[in-house]
Amino acid sequence: MSAINNLANHLILKRDLSPEGRVTNYKGRIRQAIQAISQNLTKLVLLNLFMVIACAPMIVTYFWMRAQEALAVAGLNFSTGIGVGFGITDDTLIAIERIYDIRLMGYGLAIFPTCLLAGLVASGLYYCCRNMIWGTKTKVFRHFFRGIKNNWYKFMLSFAWLGALATGFACSLIMVLKETALNGSANAGWWVLMIFIGILALLSALYMVVGQGMYVTYKYKMKEYIINTCCLTLILILPALIVTIFFAGIMALSFVSILGTFLLVVMVLIGFSAYAMFNIAFSQYCTDSFIAYMYEAEEKAKIKEQEKQAKQRNKEKKKLAQKNNFQGKKKKR
């Protein structure tokens, strides 16, 4: 408990941007997110379309890679020979090298700009989802662009970092797979780099699952966002880890053929918006449990102190009045 108290003492307390009277000890955050999604389904589908458009560089690159891979292996021979004296050159290793080089170039060039665009659009998406979670009026276009205006730099910084990590991890993974396929094993340096970036990516995901919702619900300086998010993530490390692994698991399932197609359809229809809604609900749970609770307790303590000081002043005034009254009577005598 002492460690939690020490971390909590480093939190920068401030009232959030929600309307007066919002319930901060809400029970059932998953139910809250599902209810907000069901009540704003049409708006969320439209907002999700903006995120799909933001992913255009990655989508275009994916189909470009597929076409380039087909061209790269066209005309190559994949047979080890047809009997004695009729050997044919096997181009399997050449094909593998070409395919991995195309993927290395494609993912290396497309992931980072896609993340930057996604960060820009996410600032508007999260702003709208915040209003829906709070049950306030949400006009899609007006609030979407207002969210971009107020929060674009916060989300783009986070997504730029995420894009750099994703690019590094994808490229190092491709090199590990390439060298393993060509030589039987990969250079240890690529393994170390991939594992190191993977650990950084996990820590960053833990940060983002708490911090991104805070970007649109509180008004802090960037340094204060980082301090509060790191403290809350460490305090609530277990639930943050469970939520992160859950969503990472869903992404992993997208690589399974049948489920992958289904999840791709869901992502195109409402997946990004649904994730943002659940992300804000979890972030609100974290901030309401500590920042909002401690802020309200601090404000109540201030009010009590002010009331105490006011009573003390009134007592002093009464004593002074009684003293003056006594002295006045004394002079008359």
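Computed from a predicted structure; not experimentally measured. Each residue takes its place number in the sequence, starting with 1.
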Hey, is the main chain of Tyr215 close enough, under 3.5 Å, to the side chain of Lys154 for a donor-acceptor pair?
-> yes

Spacing of Phe282 atom CZ and Leu236 atom CG [to the nearest 0.5 Å] | 6.5 Å

In terms of heavy-atom contacts, does OH of Tyr293 have more than 12 from other residues, nucleotides or ligands at under 6.0 Å?
-> no

Do the numbers put Arg66 on top of the ring of Phe63, so that NZ or CZ is under 6.0 Å from the six-membered ring centre and no more than 45° off the axis?
-> no

How about Met175 and Leu104: do any of their side-chain heavy atoms sit closer than 4.5 Å?
-> yes

What class does the angle between the rings of Tyr220 and Tyr225 fall in, given that below 30° is parallel, 30 to 60° is tilted and above 60° is perpendicular?
-> perpendicular

Rounded to the nearest 0.5 Å, how far apart are CZ of Phe112 and CG of Leu165?
-> 10.5 Å

Distance-only polar pair, side chains of Gln32 and Tyr26, donor-acceptor under 3.5 Å = no

Worked check of salt bridge (Lys or Arg N to Asp or Glu O under 4.0 Å) between Glu224 and Lys219 = CA-CA 9 Å; Glu224 295 172 335; Lys219 190 173 182 180; over 6 Å; no

Look at Arg15 together with Glu298 and state whether they make a salt bridge at an N to O cut-off of under 4.0 Å.
-> no

Is Thr114 close to Thr61 at the side-chain level, that is, under 4.5 Å between some pair of heavy atoms?
-> no

Salt bridge Asp288-Arg29, side-chain N to carboxylate O under 4.0 Å | yes

Scan Val216, Val121, Ile148 and name whichever one has a side-chain contact (heavy atoms from CB on, under 4.5 Å) with Phe155.
-> Val216

Verify whether one side chain among Tyr126 and Asn279 offers a donor that lies under 3.5 Å from an acceptor in the other.
-> yes

Roughly how far, to the nearest 0.5 Å, is CD of Gln212 from SG of Cys129?
-> 11.5 Å

Among the clusters formed by ILVMFWY side chains lying less than 4.5 Å apart, do Ile280 and Leu120 turn up in the same one?
-> yes

Output, in order, the C-alpha distance, side-chain angles, deciding distance and verdict of salt bridge (Lys or Arg N to Asp or Glu O under 4.0 Å) for Lys302 and Glu299.
-> CA-CA 5 Å; Lys302 285 180 182 178; Glu299 289 299 301; 3.6 Å; yes

Could you give the distance from CE (Met222) to OG (Ser158), rounded to the nearest 0.5 Å?
-> 5.0 Å

To the nearest 0.5 Å, what is the distance between CG (Asn228) and CG (Leu13)?
-> 7.5 Å

Working to the nearest 0.5 Å, report the span between CD of Gln306 and CZ of Arg313.
-> 8.5 Å

